[in-house]
Amino acid sequence: MKPLVKYDNELNMIAFKAMTQVENNVFFALLHKLRDKGTKEVVLDFTELKRLIGFESQSNEYIIKSIQGIAKKIAQSVVRYETDEVIKFFTLFQVLEVPKHNEAYIRAKISETFAYLINDLKQAFTVFEIAEFSALSSRYTQTLYRLLKQFRSTGYLKLEWSRFIDLMDIPHSYEMRDINKQILKPALKELGENQTLFNATNPIFKNLKMNKIRGRGRGRPVTDIEFTFKPETTDNKATQEKKTKKQLEKERKEQEFREQFYTKKFSLDNLVHTCLNVYKQDDKYLLETEYYNKGLIRKNIKFDNLEQIKKLIKDYEKNNQVKDRPG
DNA sequence: TATCCTACTATGGGATTCAT
DNA sequence: ATGAATCCCATAGTAGGATA
């Protein structure tokens with residue numbers, strides 16, 4: 001069986017900025033190596049890296065540099081959590097050691113806080129072949145690849161445009177034409193067309209299509225982007241029972257349900273909340289929000305029904321319009 | 001109300017600059 | 001040298017505002 005990377009979907013939502021294509025490879029190879037190791041320390045050496053991700057064309061020097069680069073970025077990528085009382089800082093990994101010369105290895109362990117992202121995964125995980133991932137030609141294609149892999153069972157991904165830009169780590173200087181030309185076109189070609197090198201017959205995502213959704217207003221700017229492709233079936237015979245269209249539709253609905261309030265704002269107790277996620281809990285709804293009050297704070301708020309949330313958002317939007325007329 | 005004008009964004013081709 | 005980022009040019013379609 002080919003080496004796989006497998007991790008909790010939540011990791012896909014932590015956007016790692018400014019990773020190069022090779023740094024991505026090292027990062028996910030490390031993730032592969034660390035999986036189901038608890039919080040134990042591991043060493044990923046050159047031989048294994050090479051086996052996992054190739055490295056045919058690059059010089060040793062370049063590889064060492066990439067490893068140092070990834071170590072630095074991991075160490076600097078601080079995740080910050082705030083409660084009312086304290087601020088906590090975490091890094092995803094603790095990188096314990098990388099060599100300075102002539103060798104290429106990385107010694108690391110996962111932080112206790114994030115151990116759940118790669119240990120004992122039972123559901124809501126992303127999984128893909130690391131070799132396939134590493135062979136992709138650009139970091140943008142790689143990111144789109146793993147986002148699509150997250151939705152491998154439904155074959156449907158829809159993102160708000162600004163969030164897409166954020167997750168894909170697309171420079172703000174890129175305009176639509178640059179994104180089309182440099183990112184979307186090459187990525188769709190690479191992910192959706194037949195592969196000649198490794199996979200002579202099958203594209204990575206069958207029947208992959210992209211659709212931009214344009215909103216209202218002058219120029220009708222793009223508000224959302226969606227991707228559809230033929231859902232994957234699992235290799236596992238036991239879980240291979242085919243999903244009916246109804247089930248797929250249900251999953252799709254569930255995703256849309258979770259996304260419906262994302263980034264919407266409302267005001268509560270004189271604080272402006274930004275919606276992140278909504279969950280159903282018994283017959284109530286839990287809304288995860290973020291707001292500033294001497295720092296960024298996350299909170300779960302309970303509602304009896306969705307209409308209450310919608311009303312709050314509507315009220316906020318009404319009060320914060322610059323100029324508009326009904327109709 | 002119907003029509004015209006303008007502002008705005010998308011799209012595609014191509015060229016140039018930048019960093020490694 | 002190579003790919004990524006930036007920029008220039010030109011065309012098309014539509015919404016919103018202005019005008020008649």
Side-chain angles (χ1 to χ4, degrees), chain A residues 15-29 46 49-50 53-74 76-77 98-104 106 132-147 157-193 195-198 204 208-228 263 317-318 320-327:
Chain A
F16 286 91
K17 302 295 180 189
M19 303 268 269
T20 68
Q21 192 264 357
V22 173
E23 284 168 353
N24 259 336
N25 296 346
V26 176
F27 178 86
F28 285 99
F46 180 71
L49 258 180
K50 190 162 177 126
I53 64 185
F55 276 146
E56 270 96 27
S57 51
Q58 295 92 345
S59 68
N60 275 20
E61 207 175 317
Y62 183 62
I63 294 164
I64 290 172
K65 214 168 174 197
S66 295
I67 287 178
Q68 288 171 354
I70 190 69
K72 195 173 169 192
K73 273 167 197 168
I74 289 170
Q76 286 172 348
S77 72
V98 294
K100 281 171 88 172
H101 313 285
N102 300 331
E103 248 186 307
I106 184 164
E132 192 172 66
F133 175 81
S134 302
L136 297 172
S137 63
S138 92
R139 67 190 186 93
Y140 298 116
T141 307
Q142 287 182 314
T143 302
L144 182 58
Y145 172 89
R146 60 187 171 81
L147 287 176
L157 167 65
K158 180 178 175 184
L159 289 168
E160 206 174 303
W161 182 250
S162 60
R163 194 176 177 214
F164 177 73
I165 301 295
D166 182 48
L167 286 173
M168 291 284 284
D169 193 23
I170 296 171
H172 293 299
S173 53
Y174 270 35
E175 295 184 21
M176 190 57 87
R177 75 180 96 90
D178 300 316
I179 296 173
N180 287 338
K181 190 166 19 180
Q182 304 259 76
I183 296 170
L184 290 172
K185 258 196 183 170
L188 285 171
K189 190 176 156 84
E190 204 168 354
L191 299 175
E193 289 183 6
Q195 302 293 297
T196 48
L197 203 55
F198 296 110
I204 297 174
L208 177 62
K209 295 214 170 62
M210 178 207 73
N211 180 33
K212 285 179 190 158
I213 298 162
R214 299 177 69 170
R216 303 191 60 74
R218 287 198 168 181
R220 305 197 57 215
V222 169
T223 59
D224 300 86
I225 186 167
E226 62 183 7
F227 297 89
T228 55
T263 71
E317 283 170 355
K318 200 185 285 176
N320 288 278
Q321 273 163 357
V322 185
K323 181 186 90 174
D324 207 339
R325 281 178 304 150

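Quick note on labels: first sequence line is chain A, next is B, and so on, each numbered from 1.
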Given C/dA5, C/dC9, B/dG14, the nucleotide with the shortest approach to the side chain of A/Tyr140: C/dA5
Closest approach of A/Asp169 and A/Tyr140, non-hydrogen atoms and distance? O-CE2, 3.7 Å
Do A/Met168 and A/Leu159 have side-chain heavy atoms sitting under 4.5 Å apart? no
Does any residue of residues 214-223 of chain A have a heavy atom under 4.0 Å from DNA chain C, and if so, which ones, in number order? A/Gly217, A/Arg218, A/Gly219, A/Arg220
Using whole Å, what does the distance between atom C1' of nucleotide C/dC7 and atom CZ of A/Arg177 come to? 7 Å
Using atom names, set out every protein N or O paired with an N or O of nucleotides 16-19 of chain B below 3.5 Å, distance rounded to 0.1 Å.
none

Tell me if the side-chain of A/Glu175 makes a donor-acceptor pair with the base of B/dA10, cut-off 3.5 Å, by modelled atom types. no
Whole angstrom is fine here: how far is it from CH2 in A/Trp161 over to P in B/dT9? 14 Å
Let me know the distance between CE of A/Met210 and C1' of B/dT11, rounded to the nearest Å. 11 Å
Considering all heavy atoms of both residues, which atom of A/Arg214 and which atom of A/Arg220 are nearest to each other, and what is their separation? NE-O, 2.8 Å
In terms of side-chain heavy atoms of A/Met176, which of C/dA4, B/dG13, B/dA10 is nearest? B/dA10
Kindly give the heavy-atom pair with the smallest separation between A/Leu144 and A/Ala187, and that separation in Å. CD2-CB, 3.9 Å
Under the side chain to side chain contact (heavy atoms under 4.5 Å, CB included) test against A/Trp161, which residue among A/Asp166, A/Ile179, A/Thr223, A/Asp224 passes? A/Ile179
Distance test, side-chain N/O of A/Arg139 to OP1/OP2 of C/dA5, below 4.0 Å: yes
Given A/Asn24, which partner from the list A/Gln142, A/Arg139, A/Arg146 fulfils the side-chain hydrogen bond (donor to acceptor under 3.5 Å, both in side chains) test? A/Gln142
Mind calculating the distance between CD (A/Gln21) and P (B/dT20) to the nearest angstrom? 16 Å
Can you find an N or O donor on one side and an acceptor on the other, under 3.5 Å apart, linking the side chain of A/Lys185 with the base of B/dG12? no
Tell me: OH of A/Tyr174 to P of C/dG3, nearest whole Å? 14 Å
What is the distance, rounded to the nearest whole Å, between atom CD1 of A/Ile183 and atom P of C/dA4? 10 Å
Heavy atoms of A/Glu23 and A/Met19 approach each other most closely as OE1-CA, 3.6 Å
Main-chain N/O of A/Leu136 paired to A/Gln21 side chain as donor or acceptor, under 3.5 Å: yes
Looking at side-chain heavy atoms only, is the closest gap between A/Glu132 and A/Tyr145 below 4.5 Å? yes
Whole angstrom value for the distance that separates P of B/dG12 from CD of A/Gln182: 14 Å
Quick check for you: among C/dC7, B/dT11, C/dA5, whose closest atom lies nearest to any side-chain atom of A/Lys181? C/dC7
Nucleotide C/dA5, atom P - distance to CE of A/Met168 in whole Å: 11 Å
